[in-house]
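Just the heavy atoms: all of them, side chains too, but no hydrogens, waters or symmetry mates, feed the values below. Naming: A, B, ... by sequence-line order, numbering from 1 per chain.
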There are 2 protein chains.
Amino acid sequence: MEPLVKQKYETRAAIMKALAHPSRLMMVEELEKGPRCVCELQELVGADMSTVSKHLAVMKNAGLVYDVKQGTTVYYHLKTSCVLDFIACVDRVIEHNVAHQVKIARCCVRSVRHS
Amino acid sequence: MEPLVKQKYETRAAIMKALAHPSRLMMVEELEKGPRCVCELQELVGADMSTVSKHLAVMKNAGLVYDVKQGTTVYYHLKTSCVLDFIACVDRVIEHNVAHQVKIARCCVRSVRHS
DNA sequence: TGACTATTTGGCTATATTACCAAATAAGCA
DNA sequence: TGCTTATTTGGTAATATAGCCAAATAGTCA
C-alpha cells in the first residue's frame, strides 16, 4: 500500500468520523436550515455547552462547518449541504436493515404458530 | 429530546461509525467491484486477518455488508452501493478543503514576497 | 478420524473519544 | 475599568476502539 493511497483513506475516514456522532448529526441537520450560534445548538442537543463547542470544533477541523463571530456570539455555518445526501443514504441502509428484521420476525411468528 | 428522535440519530451515527475507518472504507470500495473473501481483503489492507475479520463484523453488524459461506471461505458482499455516493460526497468536502488550503498558501507566499 | 485451510473469538494493551466541571478568553456595555 | 454574556480551553474519569497474538471453530479432503 503506497503511503499516498493510505493517506487518501485516512483523510476520508477523518471526515466520516467527524460526522459519526448523534449530536453532530443533529447539529448538521439543524445547520442546514441556516447558521446557528453555540447556545442554540446546545439547547438542541441538550448537553453541556463545552461539549457542544468541542463537537463543533471537531466538525470545523474536518472542514464541514465554518464559524463567523458576531460580537460575543459565534455563528456556525454548514459548508457543504451534500452531507445531507449522505444522511439520506444512511437512512436507506437503515430502512433496508429494518425490512430485513421484519422479515425475520414474521418468519419466527410463523414457526411458533406451526410448532 | 424525545427518546425516539434520539434513537434515530444514534442509529444513523452507528452506521456512519461503521464506515469511519480507513481500512473499512478501502474494503467497501473493493467490495463494490464484487464479493471478496477475508483473505483477499486482508491482502488489500495489509493487517492481521483477525483484525480484518473484526472490521468486517463491524460492517456486517451495521448492515453494510453480508457474508456468504462457500466451503471454508467466507465471501463478503456489499449490500448497498449508495455508500459510494457517500464517499464521493466526502471527496467533495476534501477538495473544498484543499482548495481553501491552497488559497491560504498563496496568500502566505505573497505576504512573504512583499515583506 | 486426522490433518489442513479459512475464519472467528477471546484476551490484552495502547490509544482515542466523550462528557462534565472549572477556569480562561473575548466582546460589549455601564 | 469592572461586570456580564458567549464561547473556548484544560483537566480528568469513563468508555470505546483498534491492533496483535494465541486459541477455538468449521469445512474439506485424504
Side-chain angles (χ1 to χ4, degrees), chain A residues 1 3 6-7 9-28 30-31 34-62 64-78, chain B residues 1 3 6-7 9-28 30-31 34-62 64-78:
Chain A
M1 169 76 47
K6 204 177 154 192
Q7 190 94 51
Y9 288 100
E10 280 169 4
T11 307
R12 282 180 178 172
I15 289 177
M16 294 243 174
K17 241 193 234 179
L19 277 170
H21 188 284
S23 306
R24 295 200 287 262
L25 284 175
M26 216 181 287
M27 291 196 269
V28 162
E30 182 69 15
L31 290 176
R36 295 282 185 275
C37 67
V38 183
C39 53
E40 284 170 320
L41 294 170
Q42 180 200 6
E43 209 169 320
L44 177 75
V45 309
D48 195 273
M49 179 172 278
S50 69
T51 301
V52 173
S53 175
K54 275 172 187 168
H55 278 309
L56 288 164
V58 168
M59 293 204 283
K60 186 181 162 184
N61 226 293
L64 293 168
V65 301
Y66 64 95
D67 58 328
V68 175
K69 220 170 199 173
Q70 242 175 67
T72 62
T73 73
V74 178
Y75 288 95
Y76 279 86
H77 299 242
L78 194 59
Chain B
M1 170 75 47
K6 204 176 154 192
Q7 189 94 51
Y9 288 101
E10 281 170 4
T11 308
R12 282 180 177 172
I15 290 176
M16 294 242 172
K17 242 193 233 177
L19 277 170
H21 189 285
S23 305
R24 294 201 286 262
L25 284 175
M26 217 180 286
M27 291 196 269
V28 162
E30 181 69 15
L31 290 175
R36 294 282 185 277
C37 67
V38 183
C39 54
E40 284 170 318
L41 295 170
Q42 181 200 5
E43 208 168 321
L44 177 75
V45 310
D48 195 273
M49 180 171 277
S50 68
T51 301
V52 172
S53 175
K54 275 172 187 170
H55 279 308
L56 287 164
V58 168
M59 293 204 283
K60 185 179 163 186
N61 226 294
L64 293 168
V65 301
Y66 64 94
D67 58 327
V68 175
K69 220 170 200 175
Q70 241 174 69
T72 61
T73 73
V74 179
Y75 287 95
Y76 279 87
H77 298 242
L78 194 59

Do B/Lys54 and C/dG11 have a side chain to base donor-acceptor pair shorter than 3.5 Å?
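Per atom types, the contact qualifies.
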Looking at the side chain of [X], which of [options] is the nearest nucleotide?
X	options	value
A/Val74	C/dA22, D/dT7, C/dT7	D/dT7
B/Ser53	C/dT9, D/dT5, C/dC20	C/dT9
A/Thr73	C/dC20, D/dT7, C/dA19	D/dT7
A/Asp48	C/dC20, D/dC21, D/dT7	C/dC20
B/Thr51	D/dA26, C/dC21, D/dC20	D/dC20

Would you please confirm or rule out a distance under 4.0 Å between OP1 or OP2 of D/dG19 and any side-chain N or O of B/His21?
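Yes.
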With a cut-off of less than 4.0 Å, is there a side-chain N or O of A/His55 near OP1 or OP2 of C/dA19?
yes
Partners passing side chain to side chain contact (heavy atoms under 4.5 Å, CB included) against A/Ala14 (at least two apart in sequence or in another chain)
none
Which residue lies more 5' along DNA chain C, comparing B/Asp67 with B/Lys17 via nearest heavy atoms
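Result of the comparison: B/Asp67.
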Of B/Met49 and A/Lys69, whose nearest nucleotide on DNA chain C comes first from the 5' end?
B/Met49
Quick check on DNA chain D: between B/Gly71 and A/Tyr75, whose nearest nucleotide comes earlier from the 5' end?
A/Tyr75
So what does A/Ala47 hit on the nucleic acid, given a heavy-atom distance under 4.0 Å: a base, only sugar-phosphate, or nothing?
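Result for A/Ala47 = sugar-phosphate.
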Once you apply a heavy-atom cut-off of 4.0 Å, does A/Tyr76 come out as touching a base, just sugar-phosphate, or nothing?
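The answer is sugar-phosphate, as A/Tyr76 gets under 4.0 Å only of primed atoms, P, OP1 or OP2.
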